Amino acid sequence: MEELKADKKLEIGLSEKNLDVGYGESSSVDLKPQSRFSSFLRKLEINSSNVERINHDLHPTPPERRKYKALDYFYLWSCNGLSASAFRTGTSYMEMGLSPKQALAALIMGNVFISIPMTLNGLFGSHYHIPFAIQSRASFGYYFNTLIILLRLIAGLFYYGTNVYTGAECIQTILYAIFKSFRTYKNRLPEDAGITSNFMICYFVYWVISVPFHLIRPEYLQNFFLVKSISTYIACFAMLIFLLCNAGSNVVWDQPATVSGSKWSWVFMYALNASVTGFSTLAVNVNDFTRYAKHPKAPYVQFLILPVIAAVSAPIGIISGVASKIMYGSAMWDPLEIANNWTSSGGRAAAFFMGFTYLISQIAQNISDNTVAAANDLLYFFPKYLDIRRAQIVVIVIGAWAIVPWKILQNGASFLAFLGSLSIFLGPAAGILIADKLKNHHKYNIDEFYNPAGIYRYNTFGTNWRALVAFLCGSVPLLPGMAMSINTNIIMPEGITHLYYIGYFYAFMTAFLIYYVLNLVFPAKDTLLEEAVYPPSTQAELVDPSTLKPKDRMLYYIKCY
C-alpha cells in the first residue's frame with residue numbers, strides 16, 4: 001500500500017526525544033543507596049534490568065504480534081448478543097411496551113449505527129497498532145486524554161464485576177445439574193451480606209476458573225474466541241428449537257405492542273438508544289484489539305457482523321421470554337434460568353451443557369469487552385510497573401472483589417443506571433475520535449504520540465481546546481437526564497427526558513459536528529500532515545495488490561483475510 005512507507009518505519013525506544021513513560025523512558029544507573037521500599041519498587045518495574053525501561057504493551061504492536069485476520073474479529077464479537085448478560089436486551093424492550101418485531105427492529109438498527117464508529121475507529125488500530133490510551137492523545141491532547149481514559153477504566157472495572165456475577169450464574173447452573181442437593185445448600189451468610197453461601201461458592205469457582213485465561217496475551221486469544229462462537233451458537237439454537245417446538249412460533253411473534261402514539265415513538269427511540277449504548281465502550285477502545293490486525297482492512301468486517309449479530313441473536317432472546325411464559329407460567333429472560341428448570345435426567349445433561357457453554361462465552365466476553373481495555377487503561381497510568389498481564393490481574397481482583405458487585409446488583413438499580421449513563425461521556429469521545437480522523441485524512445505521526453512536547457500537546461497544557469468544547473457540548477446537556485435516571489425521585493421537564501432518551505445519538509453527533517467545524521475554522525496546523533508516519537509494517541502490508549497477477553492477488557487476499 002502506498003500509504004505504508006518502508007522508509008517511515010519507527011525505531012522503537014531509540015529516539016532520544018521519546019522520553020515519555022510507557023514508550024522510551026530513559027534512565028541512568030542510580031548509584032545512591034536505596035531504601036528497602038525503593039528497592040522493592042524497582043524490582044516490580046517492567047524490564048527493570050534495562051537502561052531503556054520500555055513498556056512494550058504501550059508500544060505500537062510489532063509485526064510478529066499482529067495475528068488477527070478478518071474472521072478473528074467475526075469470532076471476537078459474534079456472540080456478544082447471545083451472552084447471558086445480553087440475552088435479556090430484546091425482551092426488556094418488550095416489557096417497555098414494544099412488540100417482538102419492533103424490539104428486533106430497534107436492536108438491528110442500533111447495531112447498524114454503532115458499527116460505523118466501531119469500524120472507523122478500528123481502522124486506526126489496524127494502521128497504527130497502538131492502544132486507545134495512546135491514540136486518544138491525538139484528538140484530546142497529550143494530557144486531557146487522561147479524563148477519557150479514566151472514564152473508560154471505571155466503566156471497565158464495574159462492568160467486569162457485574163459480568164463475573166453473571167459468570168457465577170453459569171457455575172450455578174452446572175452445579176445444579178451435577179448435584180441435586182446444591183439447590184438446597186444451607187446458607188450460612190447473614191442476610192445483609194447480599195449473597196448466599198450457595199452463590200458465593202459459584203462466584204469464587206467462576207473467578208478461579210477465569211484467572212488463567214486473563215494470563216493469555218490478547219494476540220493469542222483467537223482460538224478461544226472461535227470455540228466460544230461455535231459452542232454458544234450450538235447451545236442457543238438447540239434451546240431455540242426446543243422452545244419453538246413447545247410454544248409455537250406464531251404465538252411468539254403475534255404479541256402486540258402495549259403502547260401507542262407519541263409514547264410508542266419515545267419508547268422505540270429509548271430502545272434504539274439502548275441498543276447503541278451496549279457497544280458504546282467498544283466504539284471508543286476497539287483498537288485495543290484491532291491493533292493486532294494482520295491487514296489494515298481487517299476491521300471492515302465489523303460493519304457487517306454487528307447488525308448480523310442482532311438479527312440472529314435477538315430473536316432467540318425474544319422467543320425465550322415469550323415461550324417460557326407459556327411453558328413455565330412466568331417469563332424468563334435468562335437462558336440459564338430456563339435451563340435451571342430442566343430437572344429430569346436428560347434435562348440436567350442439557351442444563352449442564354448450557355451452563356458450560358455460557359461459562360466459556362462469559363469468560364471470553366468479559367475479556368474482550370472489559371479486562372483487555374481496562375488493563376490497557378490501567379497500565380497507561382502505571383507504565384513502569386504493569387504490563388498487560390499484570391494489569392489484567394489487578395483489574396480482575398478489583399473488579400470482582402473490591403467493588404463487591406453482588407451488593408451493587410442487590411440494591412443498585414441507581415448504580416446500574418449510572419453505568420448505563422456513562423455513554424453520555426463515551427458518545428462525545430467516539431464522535432471526536434472519528435471527526436479527528438476525517439479532518440486529518442487518517443494521517444498521523446507515530447513518533448509524536450510519545451513526545452510530550454510534540455504536535456499533539458497543542459501548546460495549551462496538553463489539552464486540545466477544540467475537543468474540550470465539543471466534549472462539553474455533547475455531554476453537559478444530558479447531565480440532568482443522567483441525574484433523573486440515577487435518582488427516580490428527581491422530576492425533570494419532558495424535553496430533558498426525551499433528550500436523554502436519544503442521549504448517545506445527540507452526544508455523538510453534537511461532538512462530531514462541533515469538533516469538525518472548530519477544526520475547519522481554527523485548524524491546529526501542526527497536526528495536519530502531508531504524509532503519515534506509520535510503525536514498522538509486515539511485508540504483506542507493503543504489497544500493493546493492484547500490481548499482482550489475478551491468481552496471486554486472490555492468494556494474497558486469502559492470506560490476509
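Keep in mind that what you see is a predicted model, and the values were worked out from it rather than measured.
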Tell me the closest heavy-atom pair linking N273 and I502, and the distance in Å.
OD1-C, 3.5 Å
Side chains of Q135 and N287 only: does a donor on one sit below 3.5 Å from an acceptor on the other?
yes
Tell me yes or no: between the side chains of S78 and S229, is some donor less than 3.5 Å from an acceptor?
yes
side-chain hydrogen bond (donor to acceptor under 3.5 Å, both in side chains), paired with R152, selected from N376, D288, N285, D377
N285
Interatomic spacing from CG in L499 to CE in M269 - rounded to 0.5 Å
11.0 Å
F268 and W264 aromatic centres sub-6.0 Å
yes
Do S275 and Y93 meet the criterion of a side-chain donor-acceptor pair at a distance under 3.5 Å?
yes
Distance-minimising heavy-atom pair for E219 and K67
O-CD, 3.6 Å
Ignoring hydrogens and geometry beyond distance, is a side-chain donor-acceptor pair present between T196 and N187 at under 3.5 Å?
no
Does CZ in F356 sit with more than 12 non-hydrogen atoms of other residues, nucleotides or ligands closer than 6.0 Å?
no
With R183 as the cation and Y176 as the aromatic partner, state whether NZ or CZ is under 6.0 Å from the six-membered ring centre and within 45° of the axis.
yes
Under the 3.5 angstrom rule, does the side chain of S361 hit a backbone N or O of T357 as a donor-acceptor pair?
no
To the nearest 0.5 Å, what is the distance between NE2 on H214 and OG1 on T371?
5.0 Å
Crowding at NZ, K101 (>12 non-hydrogen neighbours, <6.0 Å):
no
L478 to G474 - nearest heavy-atom pair and separation
CD1-O, 3.6 Å
Is there a donor in the side chain of R188 and an acceptor in the side chain of S197, or the other way round, less than 3.5 Å apart?
no
For the residue pair F113 and Y504, does the interplanar ring angle fall in the parallel (under 30°), tilted (30 to 60°) or perpendicular (over 60°) class?
perpendicular
With sequence neighbours left out, write down each residue that passes salt bridge (charged side-chain N to carboxylate O under 4.0 Å, His left out) with D57, or none if nothing qualifies.
R65, R217
For a quick test of reading the model, state the closest non-hydrogen atom pair linking C170 to Q362 and the distance between them.
SG-CB, 4.4 Å
Looking at every heavy atom in both A507 and P428, which two are closest together, and how far apart are they?
CB-CD, 3.4 Å
According to the interplanar angle, ranging from 0 to 90°, do the rings of F279 and W77 count as parallel (below 30°), tilted (30 to 60°) or perpendicular (above 60°)?
perpendicular
Hydrogens and angles aside, do S115 and Q302 bring a side-chain donor and acceptor to less than 3.5 Å of each other?
no
Report the distance from atom CE of M118 to atom CG of L282, rounding to the nearest 0.5 Å.
5.0 Å
Tell me whether the rings of F225 and F289 are parallel (<30°), tilted (30 to 60°) or perpendicular (>60°).
perpendicular
Scanning both residues in full, the closest heavy-atom pair of V372 with I388 reads O-CD1, 4.0 Å
Here the gap from Y203 atom OH to T166 atom OG1, rounded to the nearest 0.5 Å, amounts to 10.0 Å
Dump the intermediate steps for ring-ring contact (aromatic ring centres under 6.0 Å, His included) on F242 and W342, then the final yes or no.
CA-CA 12 Å; F242 169 75; W342 302 340; 5.5 Å; yes
Students often mix this up, so state it plainly: with edges at 30° and 60°, are the rings of Y165 and F199 parallel, tilted or perpendicular?
tilted
